[in-house]
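The structure appears right after this line, and notes come after that.
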Amino acid sequence: MGMQQVWCVYSGLLVTILLGLGRERVVDACSCNPAHPQQLFCGAEIVIRAKISGEKIVSPSNSSSPYMKMIQYEIKMIKMFKGFDKAKDIQYVYTPVFSSLCGVKLDSNNKAGYLISGSMWNDGRISIGQCDLVEPWDNLSMSQKKNLNYRYQMGCECRINTCYTVPCASTGENECLWTDWLLDNSLNGEQARQYACIRRTDATCSWYRGGPHADKDFQDLSDP
């Protein structure tokens, strides 16, 4: 899963739907643009740490279609990293039932802890999906946990440019080049797990590593 706003690309049309006419669009796959965790953080309206305490299937009152059903996860919020201006307490988050619609499955049996990011609907409910930053808390690196507190936010005005091919060159001083996808074909490489792209005092942007020793190949700044 999930800096620029990251969006889901639905591929494979099974049934043609026009939402405004009461017909729905059913798809058979969900894919997401590669995105550094900082991009997902900056693009989200809400970012929290929470434990999942329960789940149930809910449907809109005006629709009987199975494709409109949502999983309502009951959560116990532990900490809020972003969204203080939008919500004080969050009891539930919602995701599509079908993974083809980018629905995400969380473990509600063991009260598992997660980092959860998402967007807020007009009615105040929080929506999450595969293209958001949704990860088991224990899977995060120590640097990622530290970056959630303030470093990611420090770089939200910076641009993270994903490198897909060689050569890959920066197009401006407010940009960091993300090479995990190019070098390792991975969204969870060294830069994703250990680095944040932050704006320095001279208004330029560069990678900042906040943990123990790392490769110098793309290390611009080190922990003080």
Side-chain angles (χ1 to χ4, degrees), residues 1-6 32-51 75 77-87 90 93 104 106 112-119 126 128-163 170 172-184 186-224:
M1 306 173 237
M3 351 162 254
Q4 19 200 53
Q5 183 68 36
V6 177
C32 311
N33 285 344
H36 188 276
Q38 181 175 337
Q39 291 175 285
L40 298 174
F41 176 95
C42 292
E45 292 183 279
I46 301 289
V47 182
I48 60 174
R49 178 186 177 187
K51 286 189 175 181
I75 68 169
M77 191 170 71
I78 299 172
K79 183 172 183 178
M80 178 173 283
F81 299 102
K82 187 179 181 184
F84 304 96
D85 57 330
K86 296 182 179 297
I90 299 171
V93 295
V104 58
L106 306 182
Y114 286 89
L115 172 67
I116 297 172
S117 78
S119 56
I126 307 301
I128 66 173
Q130 294 177 31
C131 299
D132 295 309
L133 184 56
V134 180
E135 289 289 343
W137 183 256
D138 291 341
N139 286 2
L140 300 177
S141 69
M142 184 60 67
S143 291
Q144 287 173 320
K145 293 175 182 179
K146 291 171 66 176
N147 290 339
L148 287 166
N149 286 311
Y150 59 93
R151 290 180 187 142
Y152 283 159
Q153 188 65 51
M154 289 172 61
C156 282
E157 293 182 0
C158 298
R159 180 172 181 265
I160 296 178
N161 183 14
T162 305
C163 291
S170 176
E173 292 183 339
N174 67 332
E175 183 177 83
C176 295
L177 296 180
W178 182 33
T179 59
D180 286 343
W181 188 254
L182 173 63
L183 300 179
D184 302 321
S186 172
L187 299 180
N188 200 34
E190 183 76 5
Q191 280 176 304
R193 292 186 60 78
Q194 305 297 341
Y195 285 80
C197 178
I198 67 171
R199 185 176 293 277
R200 301 192 295 186
T201 54
D202 62 0
T204 63
C205 296
S206 60
W207 289 114
Y208 182 103
R209 190 187 196 285
H213 172 73
D215 247 335
K216 296 291 183 179
D217 291 345
F218 44 72
Q219 181 174 0
D220 295 315
L221 301 173
S222 59
D223 214 8

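Starting from 1, each residue takes its place in the sequence as its number.
Here the CG atom belonging to Leu148 is positioned 6.5 Å from the CG atom belonging to Leu140, to the nearest 0.5 angstrom. Once rounded to the nearest 0.5 Å, the distance linking CD1 of Ile198 with CE of Met154 reads 4.0 Å. Atoms CE and CD1, on Met77 and Ile126 in that order, are 10.0 Å from each other to the nearest 0.5 Å. Once rounded to the nearest 0.5 Å, the distance linking CH2 of Trp181 with SG of Cys163 reads 13.0 Å. Here the straight-line distance linking atom CG of Asn147 with atom CZ of Phe81 works out to 11.0 Å at 0.5 Å rounding. The structure places CZ of Arg159 at 4.5 Å from CD of Glu175, a figure rounded to the nearest 0.5 Å.
Of the possible polar contacts, none joining the His36 side chain to the Trp178 backbone as a donor-acceptor pair under 3.5 Å is found. Without hydrogens or angle criteria, Gln191 side chain to Thr179 main chain gives a donor-acceptor distance under 3.5 Å. Checking side-chain atoms of Asn139 against main-chain N and O of Glu135 turns up no donor-acceptor pair under 3.5 Å. Gln144 places a side-chain N or O within donor-acceptor distance of the main-chain N or O of Ala192, the cut-off being under 3.5 Å. Looking only at distances, no side-chain donor or acceptor of Trp137 sits under 3.5 Å from a matching main-chain atom of Lys145. In this structure a side-chain-to-backbone donor-acceptor pair under 3.5 Å is missing from Asp180 to Ser186.
Scanning both residues, Ser143 and Arg193, for their nearest heavy atoms gives CB-O, 3.6 Å. Residues Pro34 and Thr162 approach most closely at O-OG1, 3.9 Å, considering heavy atoms. In terms of heavy atoms, Cys131 sits closest to Leu40 at O-CD2, 3.4 Å. The shortest heavy-atom contact between Ser206 and Arg200 is OG-CD, 3.3 Å. The shortest non-hydrogen separation linking Arg151 to Ala196 is CB-CB, 4.1 Å. Shortest non-hydrogen contact noted between Leu133 and Pro37 is CD2-O, 3.8 Å.
When Val47, Asn149, Ile48 are each tested for a side chain to side chain contact (heavy atoms under 4.5 Å, CB included) with Lys79, only one passes: Asn149. Across Ile46, Ile128, Val134, a single residue satisfies side chain to side chain contact (heavy atoms under 4.5 Å, CB included) together with Val93, and that is Ile128.
The cationic atom of Lys51 (NZ for Lys, CZ for Arg) does not lie both less than 6.0 Å from the six-membered ring centre of Tyr114 and within 45° of the ring axis.
Contact check for Gln194 versus Ser141: side-chain heavy atoms found under the 4.5 Å cut-off. Side-chain contact between Leu106 and Ile75 is absent, with no heavy atoms from C-beta onward closer than 4.5 Å. The closest side-chain heavy-atom distance from Asn174 to Cys158 is not below 4.5 Å. For the pair Gln153 and Phe41, the minimum side-chain heavy-atom distance is below 4.5 Å.
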inquiry  = Show, in sequence, the C-alpha distance, side-chain angles and deciding distance for Ile160 and Tyr195, and conclude whether the side-chain contact (heavy atoms from CB on, under 4.5 Å) test is met.
reply    = CA-CA 12 Å; Ile160 296 178; Tyr195 285 80; over 6 Å; no
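Checked against the 2.5 Å cut-off, the SG-SG distance between Cys197 and Cys176 falls under it.
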